Amino acid sequence: MSQPLANDLFLRALLRQPTPRRPIWVMRQAGRYLPEYRATRKKAGNFLSLCMTPDYACEVTMQPIDRYKLDAAILFSDILTIPHAMNLGLEFETGEGPTFARPIRTPADIDKLGVPDPNRELKYVTDAVSLIRRTINGRIPLIGFAGSPWTVGTYMVEGGGSKTFGLVKRMMYESPRELHRLMDILTRATLLYLNAQIAAGAQAVMVFDTWGGILTPAQYEEFSLRYMARIIEGLTREADGRRVPNIVFTKGGGAWLSKIAGIGCDAAGVDWCTDLSTARKAVDGRVALQGNLDPAALFAPPDVLRAEALRVLESYGAGPGHVFNLGHGITPEVNPEQVSVLIEAVHGYSVRSA
Ligand code: CP3
């Protein structure tokens with residue numbers, strides 16, 4: 001299905017090609033801050049059936065696209081679909097975050113893990129991708145995604161979210177080889193999964209390394225970056241005669257942006273703790289940058305929000321290679337009107353400056 005895109009600014013910015021204005025999308029743009037999302041979630045019963053029913057996944061992916069002038073859509077799904085497909089017993093209890101009934105704690109637990117076939121156990125995801133592509137009908141590009149092996153692995157070992165990461169860090173110090181074995185399985189699973197999303201129609205892909213920032217620099221290279229590098233290396237680079245750019249986002253990884261740029265990705269995500277001018281120097285023209293407004297700025301009065309957006313745009317400076325985004329996901333308490341204020345500010349600025 002080769003189809004021209006009405007708005008390809010996002011893809012061009014990721015490839016550091018000139019654009020008439022800066023593209024913007026918002027991490028977690030389909031989510032609980034939108035009343036229409038909460039209504040669909042209620043209809044679906046729970047979060048997992050929202051993810052696993054392509055019609056619902058498509059409906060919620062489209063909600064922010066229909067409401068706002070966003071420059072990209074992101075597949076509605078979760079980074080924990082892979083361990084779910086590995087039969088770890090994933091549940092999302094309301095307000096509790098994810099939990100696994102069968103976490104990974106011993107070498108025998110790792111032995112039991114298979115690499116899910118994306119066209120079987122995860123077919124609901126690729127079905128959602130093709131349905132969303134048909135529904136967007138060439139308006140804007142669709143982003144596919146997965147978690148980094150390290151980040152997904154932390155949930156599998158901890159059995160859910162964690163504040164201290166004591167279990168996975170203990171495994172790292174006590175039996176690093178076992179942890180590497182787990183990372184290797186996850187890397188293979190993630191690569192197949194992302195390439196299946198691309199084959200189904202994803203026009204860019206993003207790797208979320210939400211917990212890379214809790215590691216020491218040496219651990220980050222050994223347990224997170226190394227595996228993301230393998231994924232980047234194996235990703236499908238072109239589909240339908242177009243480059244399929246990729247983005248690597250390590251939250252808390254500001255100090256390692258130069259190393260991230262070195263793995264051959266097209267773009268690096270930046271959280272709000274690093275100034276984009278510093279980030280730009282670190283990557284030295286090797287990759288595009290995506291970010292990095294403090295998500296809490298969405299609670300500011302509109303004038304302050306506009307000023308903060310301007311600060312981000314100006315900290316990047318002139319020239320191509322910037323995709324505007326938050327430095328992390330939008331939070332459920334945000335007033336949806338504020339997202340319009342933000343998008344208008346970014347679109348308006350970019351027209352003047354280009
Ligand atoms: O960006 C998007 O709009 C696409 C959808 C998306 C979701 N999760 C939907 C979701 C994406 C890209 C993710 C990624 C994800 N999932 C990450 C990495 C991104 C990040 O924010 O760093 C992580 C760590 C997860 C795991 C996960 N999923 C957690 C910890 C939670 C609970 C968090 C919470 O706020 O309650 C989820 C659930 C989840 N994933 C929700 C959504 C919209 C909330 C579910 C609900 O209650 O409706």
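Bear in mind the structure is a predicted one, so any value in this text is a computation, not a measurement. Indexing begins at 1, ligand by ligand and atom by atom, following the structure's order.
For Ala30, the heavy-atom gap to ligand 1 drops under 4.0 angstrom. Within the 4.0 Å heavy-atom shell around ligand 1 one finds Tyr37. Within the 4.0 Å heavy-atom shell around ligand 1 one finds Tyr155. Within the structure, the closest approach of Pro98 to ligand 1 falls below 4.0 Å when heavy atoms are considered. Ligand 1 does not have Lys251 within reach: every non-hydrogen atom of the residue lies 4.0 Å or more from it. Every heavy atom of Pro64 sits 4.0 Å or more from the atoms of ligand 1.
Remark: the Trp211 side chain and the Tyr155 side chain contain an N/O donor-acceptor pair separated by less than 3.5 Å. Checked by atom type, the side-chain pair Asp109/Thr106 shows a donor-acceptor distance below 3.5 Å. Side-chain contact check for Tyr227 and Thr190: no donor-acceptor pair (N or O, by modelled atom type) lies under 3.5 Å.
Residue Asp78 has at least one nitrogen or oxygen atom sitting less than 3.5 Å from a nitrogen or oxygen atom of ligand 1, judged on distance alone. The shortest N or O to N or O distance between Thr151 and ligand 1 is not below 3.5 Å. For ligand 1, the polar-atom distance check finds an N/O of Arg28 within less than 3.5 Å of one of the ligand's N/O atoms.
With salt bridges taken as basic N to acidic carboxylate O contacts below 4.0 Å, one links Asp111 and Arg181. The residues Arg139 and Asp66 are annotated as salt-bridged, a charged nitrogen and a carboxylate oxygen being separated by less than 4.0 angstrom.
When hydrogens are left out, the protein atom nearest atom 5 (C) of ligand 1 is Ser77 O, 3.7 Å; that is the closest non-hydrogen contact. Nearest protein neighbour of atom 35 (O) of ligand 1, counting heavy atoms only, is Arg32 NH2, 2.4 Å. Ranking protein heavy atoms by distance to atom 42 (C) of ligand 1, first place goes to Phe47 CE1, 3.5 Å. For atom 11 (C) of ligand 1, the closest heavy atom belonging to the protein is Phe145 CZ, 3.6 Å.
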Exercise for the section: Go through the steps to decide whether Trp256 and Glu221 satisfy the test side-chain hydrogen bond (donor to acceptor under 3.5 Å, both in side chains), and finish with yes or no. Expected result: CA-CA 9 Å; Trp256 308 322; Glu221 285 199 45; over 6 Å; no
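Of all non-hydrogen atoms in Ile136 and Ala73, the two that sit nearest each other are CD1-CB, 3.7 Å. Across all non-hydrogen atoms, the minimal contact from Leu191 to Ile231 is CD1-O, 3.4 Å. What you find for Ala309 and Phe324 is that their closest heavy atoms are O-CE1, 3.7 Å.
Only the backbone of Leu75 comes within 4.0 Å of ligand 1, counting heavy atoms alone; no side-chain atom from C-beta on gets that close.
When Gly329, Gly161, Gly97 are ranked by how near their heavy atoms come to atom 32 (C) of ligand 1, first place goes to Gly97.
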